[in-house]
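Chain letters run A, B, ... following the sequence lines, proteins first and then strands; every chain starts at 1. Bear in mind that the values here come from a model prediction, so they are computed numbers and not experimental data. Basis for what follows: all heavy atoms, side chains included, without hydrogens, waters or symmetry-related copies.
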Amino acid sequence: MSARRKPFPFDEFESKWQGRWEEEKAFRTPGPGDEDFDASKPTFYALDMFPYPSGSGLHVGHPEGYTATDIVARYKRKKGFNVLHPMGWDAFGLPAEEHARKTGEHPRINTKNNIDNFRRQLQMLGFCYDWDREVNTTDPEYVKWTQWIFLQIYNSYFDEDAQQAKPVSELEAKGWSKEQIDEVRLAYVAGAPVNWSPDLGTVLANEEVAEWEAKGYTVERRPLQQWMLRITKYAQRLIDELDDLDWPEGIKMLQRNWIGRSDGASVKFSLAPSANSEALIEVFTTRPDTLFGATYMVLAPEHPLVDEITTADQKDAVVNYQKSCATKSEMERGELNKGKSGVATGAHAINPVNAEEIPIWIADYVMMGYGTGAIMAVPAHDTRDYEFAEKFSLPILQVVEAPEGEDWQGFTGNGSAMNSGSLDGLSTPEAKKTITAWLQENDRGEAQINYKLRDWLFSRQRYWGEPFPITWKDGRHFAIAEDELPLLAPELEDYNPTGDPEPLLSKASEWVNLPDGSRRETNTMPQWAGSCWYYLRYCDPGNLEQLLSSEAQDYWLGDPGGVDLYIGGTEHAVLHLLYARFWHKVLNDLGHLKMREPFQKLVNQGLIMGETEYATFRDGEGSLVSFKSVAETPQGFVLKGTSTPLSKEVLSGEEVTKKGDHFVLADNPSIRVREKAEKMSKSRGNVVNPDDVVNAYGADALRLYLMFMGPLEQSAPWNTNGVDGISRFLARVWRVAMEQNQEGEWVRSAKLVEEAPGKDLLKIVHASIKKVGEDIERLRFNTAISQMMECTNAFTSAKQIPLTLFENLLSLLNPFAPHLTEELWERLGRKGRCMDRAWPSYDESALVENEIEMVVQVNGKVRSKIKIAAESPQSDIEAAAHADGNVQVHLEGKTVRKVIVVPGRLVNIVAN
RNA sequence: GCCGCCGUGGCGGAAUUGGCAGACGCUGCGGACUUAAAAUCCGCUUCCGGCAACGGAGUGGGGGUUCGAGUCCCCCCGGCGGCACCA
């Protein structure tokens, strides 16, 4: 990419315009309170998922989504909207802390360097962010409000009747004690088994475990005191309130799945008389209708009743089994799920519906964390119970009739009940209702709803995160005063982990121990905290008194409510998007926010995959050669288009055969052909660096190419030839207006004229205004670009180009290629900036044709095309169709049964 | 296993939502310009037959609805993503 000649001087003008935009604050967005604020303008909020500023800089995936929002933002601005289009940094995070650990340097320094690099890269791409609104989650002013929100959560509880959060001060007023209140806060401390990673020196949320385990870190279960947020109270609202959002169905589904509602019943089992205990074992089941088929019970190995009920002769076996389970991580439990394991406790329970004594087992296929940590096992109609019963020879009793031809053993579908007393003959849903009512009447259980969602484990043992605004005294926690915020972490001598679950901050004893004898909380918040509310801060970033002013909120987030367009990757489908919704709802309940949901419209961009090389192998001289295409011919597969020159006599045009998913050259087994694109990764060596692309092709070309790859939501492989194609397109636009003189300088093209436009050019320009506008609204940037290509091709082949028409094309192209269009705008002597020019309007009458072409089909097959006046009556159209020579050939010897005329499109003559 | 998304040329993808399948771009082939190359411009490029006119086949496979299906319905096959002993 070094000495490539520039087809147009983007390298000169792109940085020029970037400098000017910055100088002139071209992207500044006035808001409520600013002198130049115009409240009458409609608003549009186009939001990107802000990046974690990693040391490796921007990846091409970032500018994909960012270009999309940038185009929409620039388009909406031209349409007269006041557009909020901000950028910031999710800057707390483990890598900066790792760096600090190695260098002894404060993470703030490394973070700042990375941010500067990211900002440079983003500015290089010409995004129209209002940099005055930049936020950084590590700024003390930002941390202050993150901690403030935590205190709001800490100081509230969930009112079940109202289904919303309320301040705990209401409970105080009712005379509740601090102890009682601490039990119901939305932020609470619990001693529970958590995911502790010795390698990372921190505890992880359930949601994070898989990600780190996949990276090779070990994660253990350990009982620790941790801060939790009561997100489970919002489970139902988080499901229900998804309905009205304009989000991809798939993402809604992922969230619903993650929350995992299931409807069923609780059932209480008492112990057999021999146990000599009044204890009840409660289970949750989605199939109460199969209660008669419950032939044994299973408790999770950690279930609190296990010790009490285990009989003397089973004690050793049970204790051993519990020990072996305790050392297994979630991951190992998962891997070992091929075979079931378990041990009988020796105890028995009584099935409430038929008074049968059934054995109680413990097994690790029952999780303590879901439901009650105990199940009734119905081996006939549950796959897992069936497998377990088979292995340990437990009785299997059919209680649901399976359809003809299906084995009843392990049948989990609906059917009619049998062997179930009064339920016999009832359909599964009816049986569920009947038995649930019976359980309730007899105080043996009730209808119940269960969620997979667990409370959010909110504390970390890291340094580089927000400290909790909490102190401890006499074993109780207290909020610090709001005017003490932000509470910042002290500098440390070194950032090495303590090696045990003791947080890093506990090293700073002066900071930790307060004069009154209380101690500061030493945990910090997870990285999610800052990203949960950044979209709010952009609305009013400099506000020292409030999170955001009421005016800013009304103006930016008012009608229709929330962020208008939020674009980002699917990787945040559950975590970030669920957490942010949760915080938003709490703040809404407490009256700090006015709308229920933060993000009205969400779009997930697809992945950009690595460039596909169809064939890679060594040629006769031993150098690596790649082919760009493989053609399938009747003779076999033929390689075409080498990426590097190759000794032609060796391999060009050589035939290869297909073996599995790759191609093999008969006498050269080292040849390999990849058919599928792979994810970009350092290890595969297929990462595309935006800096390189901008150097070789310019920022506009990169922006256009990213948008031209295909629909935004879809993944597609990178293709350098495609970038060349886009670059050629931009060069053609350039050459419509510019030509080189004898000295090689670019001067205004002689083809540009001031005359009135002719019909053909007028038509394609107006069609383009219409289509490009509609396509931007639908986020179909690829087709908008093809339309502009067609328009440009029409200009290229025209002898004269009316300036007024070319101006329109520049205006359409401006949101996509802001530098090129601005440069041409200036060189053509137009006033002001191209970006400030209103979006052109189109004239419907310019689109109408006098004469149209219609397709003529005979029995549904295209046989001819006729040209006919646009307003022709149906009879004329039919007559013209019948008169066509080829049509007559195909009608010969047939009788016309029916003629269908679709105005402006086609005629179909049905004949036999 | 369950849930979700998706299957269109050599490739990325279009197709006004039931109306000309393959727009636009890439690749490839041919041509013009050039001493030559690059760049640029022009033509062809779904497959089969044909010099052509044209004909036939064709949107993962099979069936159906319809004058007409890439698009709607049913069944099957394949790929991708998520969850995964969730009772």
*Does B/G31 sit syn or anti, given that only angles within 90° of 0 count as syn?*
anti
*Using a 4.0 Å heavy-atom cut-off across all strands, classify A/Asn859 as base, sugar-phosphate, or nothing.*
nothing
*Rounded distance in Å - CE (A/Met367) to C1' (B/C83)*: 14 Å
*Give a yes or no on whether the ring-centroid distance for A/Tyr296 and A/Phe388 is below 6.0 angstrom.*
yes
_Using atom P in both nucleotides, what's the gap between B/U45 and B/A23 to the nearest angstrom?_
10 Å
*Integer-rounded Å distance: B/U17 P and A/Asp775 CG*: 13 Å
_Check this one for me: any side-chain N or O of A/Asn912 less than 4.0 Å away from OP1 or OP2 of B/C67?_
no
_Taking the six-membered ring of A/Tyr365 as reference, does the cationic atom of A/Lys340 (NZ for Lys, CZ for Arg) lie under 6.0 Å from its centre and within 45° of its axis?_
yes
_Rounded C1' spacing from B/U17 to B/G55 in Å_ = 31 Å
*Separation of the C1' atoms in B/G62 and B/G12, to the nearest angstrom*: 30 Å
*Of A/Val902 and A/Tyr451, whose nearest nucleotide on RNA chain B comes first from the 5' end?*
A/Val902
*Please step through side chain to side chain contact (heavy atoms under 4.5 Å, CB included) for the pair A/Ser341 and A/Asp364, ending with a clear verdict.*
CA-CA 7 Å; A/Ser341 68; A/Asp364 66 359; 3.7 Å; yes
_A/Glu851 atom CD, neighbour heavy-atom count above 12 within 6.0 Å_ = yes
*Where does B/U59 fall, syn or anti, if syn means a chi angle no more than 90° from 0?*
anti
*asked:* Rounded at 0.5 Å granularity, tell me how far CG in A/Asn604 sits from CD in A/Glu713.
replied: 8.5 Å
Review item, nucleotides 20-25 of chain B N/O atoms under 3.5 Å of protein N/O:
from  : atom 1 : to       : atom 2 : distance (Å)
B/C20 : O2     : A/Lys865 : NZ     : 2.6
B/A23 : O2'    : A/Glu790 : OE2    : 3.3
B/G25 : OP1    : A/Asn793 : ND2    : 3.2

*Of all the choices, B/C67, B/G55, B/C83, which nucleotide is nearest to the side chain of A/Trp258 once you look at every atom?*
B/C83
_Please classify the nucleic acid contact of A/Gly250 as base, sugar-phosphate, or nothing, using heavy-atom distances under 4.0 Å._
sugar-phosphate
*If you look at every strand shown and take non-hydrogen atoms under 4.0 Å, does A/Ile900 touch a base, only sugar-phosphate, or nothing?*
base
*asked:* Let's go through A/Tyr705 and A/Trp718 carefully: what are the C-alpha distance in whole Å and the side-chain angles of both, what is the deciding distance for ring-ring contact (aromatic ring centres under 6.0 Å, His included) to 0.1 Å, and is it a yes or a no?
replied: CA-CA 9 Å; A/Tyr705 174 67; A/Trp718 183 265; 4.8 Å; yes
*Just how far, in rounded Å, is C1' of B/C5 from NZ of A/Lys252?*
16 Å
*Given that A/Thr372 and A/Thr570 both sit by RNA chain B, which one's nearest nucleotide is further toward the 5' end?*
A/Thr570
*Could you check A/Thr436 against A/Glu446 for side chain to side chain donor-acceptor pair (under 3.5 Å), going step by step and ending with a plain yes or no?*
CA-CA 6 Å; A/Thr436 306; A/Glu446 59 189 346; over 6 Å; no
*asked:* Between B/C80 and B/C73, how far apart are the two C1' atoms, rounded to whole Å?
replied: 25 Å
*asked:* Need the pair for B/C11. Rule: Watson-Crick or G-U wobble, both distances under 3.5 Å, any strand; none if unpaired.
replied: B/G25
*Just how far, in rounded Å, is C1' of B/G81 from CE of A/Met609?*
11 Å
Find every protein N or O atom lying less than 3.5 Å from an N or O atom of nucleotides 56-58 of chain B, and list the pairs.
from  : atom 1 : to       : atom 2 : distance (Å)
B/G56 : OP1    : A/Arg863 : NH2    : 3.3
B/G56 : OP2    : A/Arg863 : NH1    : 3.0
B/A57 : OP2    : A/Lys861 : NZ     : 3.4

*Nearest to the side chain of A/Lys452, which nucleotide is it out of B/C67, B/C83, B/C54?*
B/C83
*Just compare B/C41, B/C85, B/G13 and give me whichever is closest to any side-chain atom of A/Ala716.*
B/G13
*Quick one: look up who B/G49 pairs with, Watson-Crick or G-U, both distances under 3.5 Å, and put none if it's unpaired.*
B/C54
*Considering only atom P, compute the distance from B/G18 to B/A69 and round it to an integer number of Å.*
14 Å
*Calculate, to the nearest 0.5 Å, the distance between atoms CD and OG belonging to A/Gln888 and A/Ser864 respectively.*
10.5 Å
*Hey, does A/Leu578 have a side-chain heavy atom less than 4.5 Å from the side chain of A/Leu453?*
yes
_Residue pair A/Gln787, A/Ser768: steps toward the side chain to side chain donor-acceptor pair (under 3.5 Å) verdict_ = CA-CA 6 Å; A/Gln787 180 66 36; A/Ser768 300; 3.0 Å; yes
_Gap between atoms CD1 and P, on A/Ile251 and B/C83 respectively (whole Å)_ = 12 Å
*How close or far is atom C1' of B/U16 from atom CG of A/Leu847, stated in whole angstroms?*
13 Å
*Hey, mind stepping through A/Lys770 and A/Asp775 against salt bridge (charged side-chain N to carboxylate O under 4.0 Å, His left out) and telling me if it holds?*
CA-CA 9 Å; A/Lys770 182 167 193 252; A/Asp775 282 351; over 6 Å; no
*With both distances under 3.5 Å as the test, what is the Watson-Crick or G-U wobble partner of B/U34?*
none
*Check step by step if ring-ring contact (aromatic ring centres under 6.0 Å, His included) holds for A/Phe10 and A/Trp734.*
CA-CA 10 Å; A/Phe10 60 80; A/Trp734 176 262; over 10 Å; no
_Integer angstrom distance from the C1' of B/U59 to that of B/A52_ = 29 Å
*asked:* Please report the distance separating the P of B/C74 from the corresponding atom of B/G81, rounded so that it comes out in whole Å.
replied: 27 Å
*Closest nucleotide among B/A87, B/G13, B/C83 to the A/Thr286 side chain*: B/A87
_Please tell me if A/Ser715 has a side-chain N or O lying less than 4.0 Å from either OP1 or OP2 of B/C80._
no
*What does A/Arg256 touch in the nucleic acid at a heavy-atom separation under 4.0 angstrom: a base, only the sugar-phosphate, or nothing?*
nothing
*Distance between P atoms of B/G22 and B/G9 (Å, rounded)*: 14 Å
*Whole Å only: how far is the CD atom of A/Glu739 from the C1' atom of B/A39?*
17 Å
*Can you tell me how far C1' of B/G82 sits from CG of A/Leu575, to the nearest Å?*
12 Å
*Counting any heavy atom closer than 4.0 Å, what does A/Pro711 reach on the DNA or RNA strands: base, sugar-phosphate only, or nothing?*
sugar-phosphate
*Give one of base, sugar-phosphate or nothing for A/Ser262, where a contact means two heavy atoms less than 4.0 Å apart.*
sugar-phosphate
*Electrostatic pair A/Arg256:A/Glu249 at N-O distance under 4.0 angstrom*: yes
_Watson-Crick or G-U wobble mate for B/G4, both contacts under 3.5 Å_ = B/C80
